[in-house]
Trainee: 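Sharing a structure here in structure tokens format.
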Amino acid sequence: MNYAAPTQIESIVHALFEPMGTGGVYARTSRFERAIDGLVGLISRYRAPQTEVFKFPPVMSRKQLERSGYLKSFPHLLGCVSCLHGQETEIRALVDGAGASQDWASALSATDLVLAPAACYPLYPIVAARGRLGESGQQFDVTCDCFRHESSYEAGRFQSFRMREYVCIGSPEHVLAFRHDWMERAKEFADVLALPYRIASASDPFFGRAGKLMAVSQVEQELKFELLIPVNSQQNPTACMSFNYHRDHFGTTWGIETAAGNVAHTGCVAFGMDRLALALFATHGIDLQKWPKSAREALSV
Ligand code: AMP
Ligand code: ZN
């Protein structure tokens, strides 16, 4: 297998994307999208029977995300949709002044929408509204364009990126088995793509000083693991997938019940689509025809 170290990531990024005038946001070329399409197909082939599929829009309800606790944990990453409210004359005056002394952006006010920061948040209220789960819980396949207000934009850290997730909702046993199986399957997935990787315990980028404690506790409880692949460097490999156990957090927040009437537990396995595609190019080079046979076959490229 070709386990070449990623080289010249800057030139690879240059070959795959066109800049769009601001950091962490790119126009994706057809070369890049061929890898994305291949990954979409490959991930779908891993979908368990009876999995329900949802494609979410890039925006979601601000109230729902607040209720999920996102604002307490990650206020620094959140983007909110803001608009100009008011009468025609007020809005006209603001935009006519734009570019001159008047700053139309400072007149924006929040709508009831935020930019989705992950694909699974809109799922839990939908499931809760349906009543109790079936005996064996349920699995979902969810996709969303996500936004995060990142503080740096090295290769692979985008403001706007695509996330695909398999989500399991059920008893703690269901969810832990789901996550365990996926951590094994992810190794197969990386092997077939001839990607060098390791799986490591991880924490989310919680906000502030209190957040540091939350991160420590998350690692202690082994609530998050990541599949890491060298993209920028061998020393600091990039998280391309995550395996998350939320325990009863969303079950309690939304009132999701198992068949037995207990609070449901939830877990998700997230595929960072743009990062996985970039990792393929970083490892195997920009010429898809030269990629290892197993990867080309798996991705149909
Ligand atoms: P997380 O919810 O942080 O575990 O994110 C799930 C997956 O999304 C990660 O494993 C990454 O592959 C991907 N991801 C997270 N943040 C970004 C970002 N800023 N740019 C690109 N991909 C990201
Ligand atoms: Zn999730």
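As the structure lists them, so they are numbered: ligands from 1, and atoms in each ligand from 1.
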Trainee: Looking at atom 13 (C) of ligand 1, what's its closest protein heavy atom, distance included?
Mentor: Gly272 CA, 3.7 Å
Trainee: Which ligand 1 atoms, with their elements, are less than 4.0 angstrom from a heavy-atom of Glu150?
Mentor: 16 (N), 18 (C), 19 (N)
Trainee: Tell me: protein heavy atom nearest atom 14 (N) of ligand 1, and distance?
Mentor: Phe161 CE1, 3.5 Å
Trainee: Please work out, at 4.0 Å between heavy atoms, whether the side chain, the backbone, both, or neither of Met163 comes within that distance of ligand 1.
Mentor: side chain
Trainee: I'd like to know if the side chain of Asn262 pairs up with that of Glu257 as donor and acceptor (distance under 3.5 Å, no hydrogens or angles considered).
Mentor: no
Trainee: Taking the six-membered ring for Trp, are the ring centroids of His265 and Tyr245 within less than 6.0 Å of each other?
Mentor: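 Yes, they do, as the ring centres are separated by less than 6.0 Å.
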Trainee: Determine yes or no for a side-chain-to-main-chain donor-acceptor pair under 3.5 angstrom, with Arg148 supplying the side chain and Leu77 the backbone.
Mentor: no
Trainee: Suppose the cut-off is 2.8 Å; which protein N/O/S atoms would you list for the Zn ion (ligand 2)?
Mentor: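 Checking every protein N, O and S atom gives Cys120 SG, Glu165 OE1, Cys268 SG.
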Trainee: Using the rule given for ring-ring contact (aromatic ring centres under 6.0 Å, His included), can you reason through Phe189 versus Trp182, listing the C-alpha separation, both sets of side-chain angles and the distance that settles it, and then say yes or no?
Mentor: CA-CA 10 Å; Phe189 179 82; Trp182 257 109; 7.4 Å; no
Trainee: Looking at ligand 1, is there an atom of it that comes within less than 4.0 Å of some heavy atom belonging to Cys146?
Mentor: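 Checking ligand 1 against Cys146, which is what was asked, there is no heavy-atom contact under 4.0 Å.
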Trainee: Is Arg45 salt-bridged to Glu297, cutoff N-O under 4.0 Å?
Mentor: no
Trainee: Tell me, please: is Arg275 in heavy-atom contact with ligand 1, that is, under 4.0 Å?
Mentor: yes
Trainee: Before giving the answer on ring-ring contact (aromatic ring centres under 6.0 Å, His included), spell out for Phe158 and Phe147 the whole-Å C-alpha distance, their side-chain angles and the decisive distance to 0.1 Å.
Mentor: CA-CA 8 Å; Phe158 303 100; Phe147 171 88; over 10 Å; no
Trainee: Measure from the ring center of Tyr121 to the ring center of Phe56 and say whether it is less than 6.0 Å.
Mentor: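 Not under 6.0 Å, so no.
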Trainee: Which of the atoms of ligand 1 are close to Ala270, meaning less than 4.0 Å from one of its heavy atoms?
Mentor: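 Atoms satisfying the 4.0 Å criterion: 6 (C).
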Trainee: Under the ring-ring contact (aromatic ring centres under 6.0 Å, His included) criterion, do Tyr166 and Tyr46 qualify, and how do the steps go?
Mentor: CA-CA 10 Å; Tyr166 285 125; Tyr46 282 91; 8.3 Å; no
Trainee: Considering only non-hydrogen protein atoms, determine which one is nearest to atom 9 (C) of ligand 1 and report residue, atom name and distance to 0.1 Å.
Mentor: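 Of the protein heavy atoms, Ala239 O, 4.0 Å lies nearest.
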Trainee: With a 6.0 Å cut-off on ring centres, are Phe243 and Phe225 close enough?
Mentor: no
Trainee: Can you find a non-hydrogen atom of Cys240 under 4.0 Å from ligand 1?
Mentor: yes
Trainee: Under 3.5 Å, is there a donor-acceptor pair linking the side chains of Ser68 and Gln64?
Mentor: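 Result is no, nothing qualifies.
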Trainee: We want to know whether Thr89 and Gln87 form a side-chain donor-acceptor pair, criterion being a heavy-atom distance below 3.5 angstrom.
Mentor: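 No, no side-chain donor-acceptor pair sits under 3.5 Å.
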Trainee: If you measure every N or O of Arg157 against every N or O of ligand 1, does any of those distances drop under 3.5 Å?
Mentor: no
Trainee: Does the N or O separation between Ser242 and ligand 1 drop below 3.5 Å for any pair?
Mentor: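 Looking only at distances, the answer is yes, because the N/O contact criterion of under 3.5 Å is met.
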Trainee: What part of Gln159 sits under 4.0 Å from ligand 1 if we count only heavy atoms: the side chain, the backbone, both or neither?
Mentor: neither
Trainee: Check the pair Phe17, Tyr26 against ring-ring contact (aromatic ring centres under 6.0 Å, His included), reporting the backbone distance first and the verdict last.
Mentor: CA-CA 6 Å; Phe17 304 111; Tyr26 296 95; 5.0 Å; yes
Trainee: Would Glu66 and Lys63 pass as an ion pair if we require N to O under 4.0 Å?
Mentor: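 No, no charged N to carboxylate O under 4.0 Å.
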Trainee: How far is atom 20 (N) of ligand 1 from the closest protein heavy atom, and which atom is that?
Mentor: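 For this ligand atom, the closest protein heavy atom is Phe158 N, 3.0 Å.
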Trainee: Using heavy atoms and a 4.0 Å limit, tell me yes or no: is Glu165 in contact with ligand 1?
Mentor: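 So Glu165 does not count as touching ligand 1.
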Trainee: Of the listed options (Gly156, Pro117, Pro205), which comes nearest to atom 21 (C) of ligand 1 when hydrogens are ignored and any heavy atom counts?
Mentor: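 Looking at heavy atoms only, Gly156 sits closest to atom 21 (C) of ligand 1.
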Trainee: Might you point out which heavy atoms bring Pro230 and Pro237 nearest each other, and give the distance in Å?
Mentor: N-CB, 3.8 Å
Trainee: Going by the order shown, which atoms of ligand 1 are within less than 4.0 Å of some heavy atom of Lys224?
Mentor: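 This gives 1 (P), 4 (O) as the contact atoms.
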Trainee: Which residue supplies the protein heavy atom nearest to atom 3 (O) of ligand 1, what is that atom called, and how far is it?
Mentor: Arg148 NH1, 2.8 Å
